[in-house]
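To start, the structure itself, in C-alpha cells.
Labels below follow one simple rule: chain letters A, B, ... track the order of the sequence lines, proteins then strands, and each chain is numbered from 1. This is a predicted model, so every value here is computed, not measured.
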Protein chains: 2
Amino acid sequence: MSLDRRSGCPINLSLEVFGDRWSLIILRDMIFGGRRHFRELLNGSMEGIASNILADRLKRLLELGMLTKADDPSHKQKAIYSLTEMAITLVPILAHLGAWGRVWLPVSEELSIRAELLEKGGPPLWDKFMDELRHEHLGMPLDTPADATVRATLQAAYEAVVKRRAPGESTAA
Amino acid sequence: MSLDRRSGCPINLSLEVFGDRWSLIILRDMIFGGRRHFRELLNGSMEGIASNILADRLKRLLELGMLTKADDPSHKQKAIYSLTEMAITLVPILAHLGAWGRVWLPVSEELSIRAELLEKGGPPLWDKFMDELRHEHLGMPLDTPADATVRATLQAAYEAVVKRRAPGESTAA
DNA sequence: GCAACCGCTTGCGAAATGCAATCGGTATGA
DNA sequence: TCATACCGATTGCATTTCGCAAGCGGTTGC
C-alpha cells in the first residue's frame, strides 16, 4: 500500500487513499461504530481484520491526515484515534456507497437498515452527523445539541431489526 | 480479487466490488472517456493499467453484472463493452469521490475540471449524464435530447484548460 | 503479402495479504 | 504480591495478488 501518484485525477487519487479492502472498513467502524481504540477496531470488526493489517492501515491513515492519534489519559498504553475533517467529510460518500450497495448487492437486512435511514435522511442528516463527529473528534461545539445522536438513532434501528428477526436471542452488535 | 462475502454490510459489499485500485479506474474511463474496447482502455488509461490486470478486471466486472460484452460488427476480433444500469448508477458516487479528492488531495488542475463541473452541476447534471449513458449503452431513448452531451461538455472544458496552460503545445487527451 | 492491430495469456520476480504466535509493558482483582 | 487479562503493536511464514514484458493465434487494411 504505497502512494503511487499515478495521476492527478481526483478519482484516481481518492482510490489511492482508500482503494483497498480495509481502509474504508476502519473508517466505517470509527464513524458508525464510534470505535476509537486499536482493540475495539480489531475485535469489533465484523469482517475480521488482522492485527498487522490494522496497524499498517492506521499508520497509513495517520500519514495521510485522515486520523490523529493521542494518548488515552485513562491508560498509559492506550491510544485514542480521532477522525480529522478530511475523514469526516467522507460521510456523504459512505452514505452513497451504502445506498448503492443496498440496491445492487446481497446485503443483509439488519446491516443495511443504517444505510437505509442514512439515505432517507439525505444531506440534512449527513450534515447533522458530521457536526456530531466534529464535536466528538475535534472538540468543536455542536450547532444544535440534540437529544438523540444520529449514531445512537442508527444503532437503535439496527438493534430493533436484530431483535425482531431473532426474538429471544442475543447477537453481538 | 475474489468475492469473499465477508459480511452483509452494504459498505463492505461495495468495497468487495470496487475496493481495489483498478476497477473504478476502468469504469471511470468508460463513463467519462467513452471507451468501449479493450485496447482503448489499455492504451488510454492515464495510470497505465497492465493488460493482464485489465483482462482480469473486465472479466470480474462482467461476472458482477456491471458490464456486458458484445461482438463489434465492424471487426470480428473486437469486443464492445457496455455499462449496465448497475454501473451507470455509480455516477453520483464518482461525482462525490471526485469532489472529495479535489478538496483534500493534490489533484492537477486540468484533470479536476471535470470533477468541478460535475460537482457544480449537482444531481440534475448527474441525472442527465446517466440518461445519456443509458442511451449509449442500453439503447434507451433520451428523455430530452440535448445538443451538447455532458461528456462532450466535460471534455471540452478539460481541453480548454490544457490549451490555456500550455498554449501552442499538444497533449494527449 | 505484410505490417499493424485485435483481445487476451503466460512467465516470473516483487509486493501485499492472512494467519497465528508473541512481544514488553500496564491495569485489575484477590 | 502475584496471577491474569489487556494494551498496541511486531514477527515469521505461507499464500495470493500485482506489475511488467513478451508473446499468442487470428483479423484487417494497404
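The CZ atom of A/Arg21 sits 13 Å away from the P atom of C/dC19 (whole-angstrom rounding). Atom pair A/Leu61:CG and D/dG8:P shows a separation of 16 Å (rounding to whole Å applied). Distance, B/Asp56 CG to C/dT10 P: 13 Å, rounded to whole Å. Rounded to whole angstrom, the span from the CG atom of B/Leu54 across to the P atom of C/dT10 amounts to 16 Å. Remark: P of D/dG8 and CG of A/Leu62 are 13 Å apart, rounded to the nearest angstrom. In this structure, CD of B/Glu40 is placed 9 Å from P of C/dC6, rounded to the nearest angstrom. A straight line from CZ of B/Arg57 to P of C/dG7 spans 19 Å, rounded to a whole angstrom. Atom pair B/Ile26:CD1 and C/dC8:C1' shows a separation of 14 Å (rounding to whole Å applied).
For A/Ala50, the side chain to side chain contact (heavy atoms under 4.5 Å, CB included) partners are A/Asn52, A/Ile53, not counting sequence neighbours. B/Ala79 meets the side chain to side chain contact (heavy atoms under 4.5 Å, CB included) test with B/Lys69, B/Tyr81; sequence neighbours excluded.
A/Arg60 and A/Ser23 share no donor-acceptor pair across their side chains, judged by distance under 3.5 Å alone. With 3.5 Å as the limit, one finds a donor-acceptor pair spanning the side chains of B/Trp104 and A/Thr89.
Looking at heavy-atom distances under 4.0 Å, B/Lys59 makes no contact with the nucleic acid at all.
When B/Leu27, B/Ile31, B/Leu94 are each tested for a side chain to side chain contact (heavy atoms under 4.5 Å, CB included) with A/Ile11, only one passes: B/Leu94.
Toward the 5' end of DNA chain D, the nearer of the two residues A/Lys69 and A/Arg6, judged by each one's closest nucleotide, is A/Lys69.
The pair A/Arg151-A/Glu132 does not count as a salt bridge, with every side-chain nitrogen at least 4.0 angstrom from each carboxylate oxygen.
Of all non-hydrogen atoms in A/Gly44 and A/Arg35, the two that sit nearest each other are O-NH2, 3.4 Å.
Proximity note for A/Lys78 (side chain, C-beta onward) versus C/dG7, D/dA9, D/dC7: the nearest is D/dC7.
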| query | Which parts of nucleotides 21-30 of chain D does protein reach within less than 4.0 Å, heavy atoms only, written one letter per nucleotide 5' to 3' as B for base, S for sugar-phosphate only and - for none? | reply | -B--BBSS--

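B/Trp22 has a side-chain polar atom (N or O) that falls below the 4.0 Å cut-off from OP1 or OP2 of D/dG19.
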